[in-house]
Amino acid sequence: MAFKATILTLYPDMFPGPLGQSLSGRALDKGLWQLETSQIRDFATDKHRSVDDTPAGGGAGMVLRADILAKAIDAAAPADDPRPRLLMSPRGLPFTQKRAHELAEGPGAIIVCGRFEGIDQRVIDARNLEEVSIGDYILSGGEIGAITLLDAIIRLIPGVMGNMESADTESFETGLLEHPHYTRPAEFEGLTIPEVLTSGNHKKIHEWRMSESEKLTRDRRPDLWHAYMADEDDVD
Ligand code: SAH
């Protein structure tokens with residue numbers, strides 16, 4: 001069974017969006033993954049089809065109602081559906097390459113996209129939603145977050161990327177940021193390609209790339225660098 005994503009949203013027309021293009025688009029056409037959307041509004045019960053209400057305790061904005069969202073979740077995924085239930089949320093654990101791998105190896109994901117101030121806490125608790133954040137900033141809705149998540153996952157599904165090797169050295173895969181890349185022309189605005197890369201000496205090339213990776217990571221991402229060094233120490 002191919003990886004299946006079910007998106008619960010108030011804006012189903014946002015999908016597949018960018019996921020319908022390029023690598024993920026071709027994979028979707030080939031059936032390497034499947035996409036289904038569910039319009040949360042279809043589960044509204046009043047004649048205005050409203051899905052939100054004012055926050056208990058007062059304050060700004062509106063909150064997605066628990067009863068309506070729960071019905072949408074139950075219709076999209078019966079209790080025995082093995083797929084993880086994710087809720088896009090700035091309060092969630094930050095999404096990582098490691099989580100992308102775990103999800104790519106699984107049967108798929110049910111992804112709830114919030115809007116307004118967020119969703120009623122009771123549906124998070126009652127339906128066991130795992131909150132996932134794509135970074136420390138606030139988006140206006142979960143849809144772009146869901147697209148980001150899926151883009152990262154889909155390229156890891158076997159058969160989607162032509163050359164799986166290219167994934168191995170990528171930033172975060174090794175715990176380091178990736179080294180710089182160069183291609184033709186040999187000279188660009190007076191700038192040349194580092195000599196070692198045209199030397200044909202594969203050992204030297206590997207060493208150069210590794211040292212560039214380490215330098216970049218140390219300078220730009222002390223957080224990753226410390227984790228990497230701690231890991232190296234564990235191995236010793
Ligand atoms: N009031 C909330 C933010 C609501 S933003 C708070 O302060 O935590 C509206 C919706 O956009 C959220 O319910 C969520 O689904 C989505 N969203 C916003 N920022 C996000 C982020 N960094 N990662 C994932 N989803 C996000």
Side-chain angles (χ1 to χ4, degrees), residues 3-20 24 33 35-45 48-77 81 83-104 106 108-156 171-172 220-221 223-224:
F3 181 98
K4 183 176 170 187
T6 301
I7 315 289
L8 277 69
T9 170
L10 290 168
Y11 299 94
D13 291 348
M14 287 194 184
F15 297 88
L19 298 174
S24 50
W33 69 288
L35 175 68
E36 177 182 83
T37 56
S38 164
Q39 167 57 274
I40 297 167
R41 204 172 288 286
D42 289 347
F43 298 87
T45 45
H48 302 292
R49 304 221 304 153
S50 58
V51 293
D52 55 325
D53 213 326
T54 51
M62 300 295 271
V63 177
L64 247 164
R65 281 171 52 154
D67 53 345
I68 292 163
L69 191 52
K71 267 196 263 168
I73 293 170
D74 295 343
D81 192 314
R83 294 176 296 165
R85 296 152 179 230
L86 312 179
L87 167 65
M88 300 315 301
S89 161
R91 294 188 323 206
L93 276 186
F95 185 61
T96 59
Q97 190 66 13
K98 181 164 172 277
R99 190 77 183 106
H101 275 286
E102 287 165 5
L103 289 165
I110 294 142
I111 308 180
V112 178
C113 301
R115 279 273 156 183
F116 321 115
E117 283 308 310
I119 75 174
D120 189 304
Q121 182 62 37
R122 290 169 296 176
V123 72
I124 303 179
D125 299 337
R127 292 296 178 276
N128 234 330
L129 303 182
E130 172 193 338
E131 294 182 66
V132 180
S133 167
I134 65 156
D136 291 345
Y137 37 79
I138 302 296
L139 304 168
S140 50
E143 289 77 8
I144 291 174
I147 289 170
T148 304
L149 218 78
L150 285 173
D151 186 82
I153 295 167
I154 291 158
R155 55 194 291 288
L156 299 175
S171 300
F172 312 118
R220 294 185 181 174
R221 292 291 301 272
D223 56 327
L224 293 180

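We use all heavy atoms of the structure for the numbers below, so side chains are in, but hydrogens, waters and symmetry mates are not. All ligand and atom numbering here is 1-based and tracks the order in the structure.
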Is Phe116 near ligand 1, meaning one of its heavy atoms is under 4.0 Å from it? yes
Is it true that Val132 lies under 4.0 Å from ligand 1, counting heavy atoms only? yes
Under 4.0 Å from a heavy atom of [X]: give me the atoms of ligand 1 that qualify, with their elements.
X: Ile134; answer: 23 (N), 24 (C)
X: Gly118; answer: 13 (O)
X: Ile138; answer: 5 (S), 19 (N)

What closest approach, in Å, do [X] and [Y] show between heavy atoms, and which atom pair accounts for it?
X: Phe3; Y: Ala109; value: CZ-N, 4.0 Å
X: Lys71; Y: Phe43; value: NZ-O, 3.7 Å
X: Gly59; Y: Pro55; value: O-CG, 3.7 Å
X: Ala76; Y: Thr6; value: CB-CG2, 3.8 Å

Nearest to [atom], what protein heavy atom do you find, and at what distance?
atom: atom 13 (O) of ligand 1; result: Gly114 CA, 3.4 Å
atom: atom 14 (C) of ligand 1; result: Met88 O, 3.1 Å
atom: atom 25 (N) of ligand 1; result: Ser89 N, 3.3 Å

Which residue from Gly142, Pro55, Gly145, Pro90 reaches closest to atom 3 (C) of ligand 1 through any of its heavy atoms? Pro90
Closest by any non-hydrogen atom to atom 18 (C) of ligand 1: pick that one out of Leu87, Thr148, Leu139, Leu86. Leu139
Can you measure from CE (Met62) to OG1 (Thr54) and round to the nearest 0.5 angstrom? 6.0 Å
Steps toward salt bridge (Lys or Arg N to Asp or Glu O under 4.0 Å) verdict (Arg122, Asp67): CA-CA 9 Å; Arg122 290 169 296 176; Asp67 53 345; over 6 Å; no
Lys4 backbone acceptor or donor facing Arg83 side chain under 3.5 Å: yes
Consider every N or O of Ser140 and every N or O of ligand 1, then say whether any pair is closer than 3.5 Å. no
Do Glu117 and ligand 1 have an N or O pair less than 3.5 Å apart? yes
How about CG on Asp136, more than 12 heavy atoms from neighbouring residues, nucleotides or ligands closer than 6.0 Å, or not? no
